[in-house]
Protein chains: 2
Amino acid sequence: MENSVLSWLQPDAQRFFRENAIVRHLNSGDLIYDDEAVVTHTIFPHDCVISIMAEMADGRSVEKASIGREGFVGLPVILGGGRTFGRCVVQVPGKASWLSVADLDVALQEFHCVRQVMLRYAKSFTLQLMESVACNSLHTADQRVVRWLLHAHDRVDGDTFYLTQEAISNLLALRRATVNAACSDLQQAGGISYHRGHLTITDRQILQSRVCECYDRVRRAALCTAP
Amino acid sequence: MENSVLSWLQPDAQRFFRENAIVRHLNSGDLIYDDEAVVTHTIFPHDCVISIMAEMADGRSVEKASIGREGFVGLPVILGGGRTFGRCVVQVPGKASWLSVADLDVALQEFHCVRQVMLRYAKSFTLQLMESVACNSLHTADQRVVRWLLHAHDRVDGDTFYLTQEAISNLLALRRATVNAACSDLQQAGGISYHRGHLTITDRQILQSRVCECYDRVRRAALCTAP
DNA sequence: AAATGTGATCTAGATCACATTT
DNA sequence: AAATGTGATCTAGATCACATTT
């Protein structure tokens, strides 16, 4: 299974998902859910990245959380609400499994492991959020850019993915010029290369030497959802 | 019941908590749990405020989340982990009900409503975190100070509570001088008054007119945990 | 000592603006 | 047009430091 949450299910539950979920390709910029929309499908990314965005009254926005193959979109369903936590937008294109909430309810009834694995992701997601709260108040623009790139790299297949500097600046609520400076630095150091939105991680070591400790903590939290 | 989560339980579950929980007074600065400590008790504040702090390797720290009568300390227990999300410290002194995890397990078994109400708080807590992620990257020091004060006011009894400017500066990772400027302004505007750590909200309207929209969203999320 | 007030100076990242390349 | 590069200038909040009041 390309999605970690699904991969940790028991074989029979996995079969249920394989038979009932639909695999879709998601394009950069696709709006999955508006803020506080009713969740009709839970979405398990294979190799895409989906952002939950905050939109302020004055029009400014930032990413509140990002979701990749380590998790799924639709947590409110199991926390007992059913409405999304924010505008869900595709940042890095790729594939994802979509399961309707009706089918999910069946799976929750039939397979004990489904709720358990989902709640474990809720915990890891909470840790991601907490780290982001701290990171946003303590760490530099450079560190935050690198952290986003490393998380993205963990979530896609291969070393190249589609993501413009403009997009990064919107995610982190930074000026594009600030992101450009960060990316130029990384490119000169040999860590990344990019060309009109096609970004390649050429040397992870270099990124890891510049990222804040938040990266590793979030990464470890995501791995801890394994049984 | 002085704690909202407990107040939303069924009468028989409430009785269980009243009979088995211990009410303790918590002092400013008390360390409840270290980071990643095993949760032995779930703690339901009556009129105190507890912060979950992030501690970075270089010694800097910020508040990741705060908990008052709208919630409880020990969420990891029901998300299937059992270790705290960070250093839990008493910020505003007051009383709280402590229930051992062993007793909580009994309550979870016997009273269906306990898990349900706790999960609903998990959702509201997640919304608090998401808002803080956004707030920390978009809003000013002044707005963040006011927001903290309004949330505190919602959680205590009366209009006066113990909280120094130094403490606020540690919570928000701001300089004490910055917090002092914010507080002086508020005092001059007639919104608050303070004297050696004793802070009084003299006019909520003034605070509300200066706070960012995050305050209201978090407040509403906390109220939505009601049945 | 603990809490608060304030002043001089620096800097990361902002606003505003324009230029280049595919 | 979409993506990237860069320059002049401003500012919120930082660092560093010291002073006052209970």
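So that the names make sense, note that chain A is the first sequence line, chain B the second, and so on, each numbered from 1.
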By the definition side chain to side chain contact (heavy atoms under 4.5 Å, CB included), identify the one residue from A/Asn3, A/Val92, A/Leu26 that meets it with A/Pro45. A/Asn3
Validation row: A/Asp154, A/Arg204 side chains within 4.5 angstrom (heavy atoms): yes
Taking OP1 and OP2 of D/dA12, is either one under 4.0 Å from a side-chain nitrogen or oxygen of B/Thr178? no
Value in whole Å for how far the C1' atom of C/dA2 lies from NE2 of B/His198: 12 Å
Spacing of B/Arg176 atom CZ relative to C/dA2 atom P, expressed in whole Å: 13 Å
OP1 or OP2 of D/dG5 sitting under 4.0 Å from any side-chain N/O of A/Gln165? yes
D/dA12 C1' sits how many Å from B/Gln143 CD, rounded? 12 Å
Criterion side chain to side chain contact (heavy atoms under 4.5 Å, CB included) against B/Cys135, the qualifying member of B/Met130, B/Arg144, B/Arg217: B/Arg144
B/Gln187 side chain N/O closer than 4.0 Å to the phosphate oxygens (OP1, OP2) of C/dT4? no
What contact category does A/Ala181 fall into here, base, sugar-phosphate, or nothing, at under 4.0 angstrom with non-hydrogen atoms? nothing
Atom of A/Leu186, atom of A/Arg210 and distance for their closest heavy-atom approach: CD2-CD, 3.7 Å
Determine which nucleotide pairs with C/dT6, using a 3.5 Å limit on both distances of a Watson-Crick or G-U wobble pair. D/dA17
Under a 3.5 Å cut-off for both distances, is C/dT11 Watson-Crick or wobble paired, and to whom? D/dA12
Are OP1 or OP2 of D/dA3 and a side-chain N or O of A/Tyr162 less than 4.0 angstrom apart? yes
With both distances kept under 3.5 Å, what pairs with D/dT22, Watson-Crick or G-U wobble? C/dA1
In whole angstrom, give the distance that lies between atom OH of B/Tyr194 and atom P of D/dT21. 15 Å
Where the side chain of A/Thr140 is concerned, which of C/dG13, D/dT22, C/dT4 is the nearest nucleotide? C/dG13
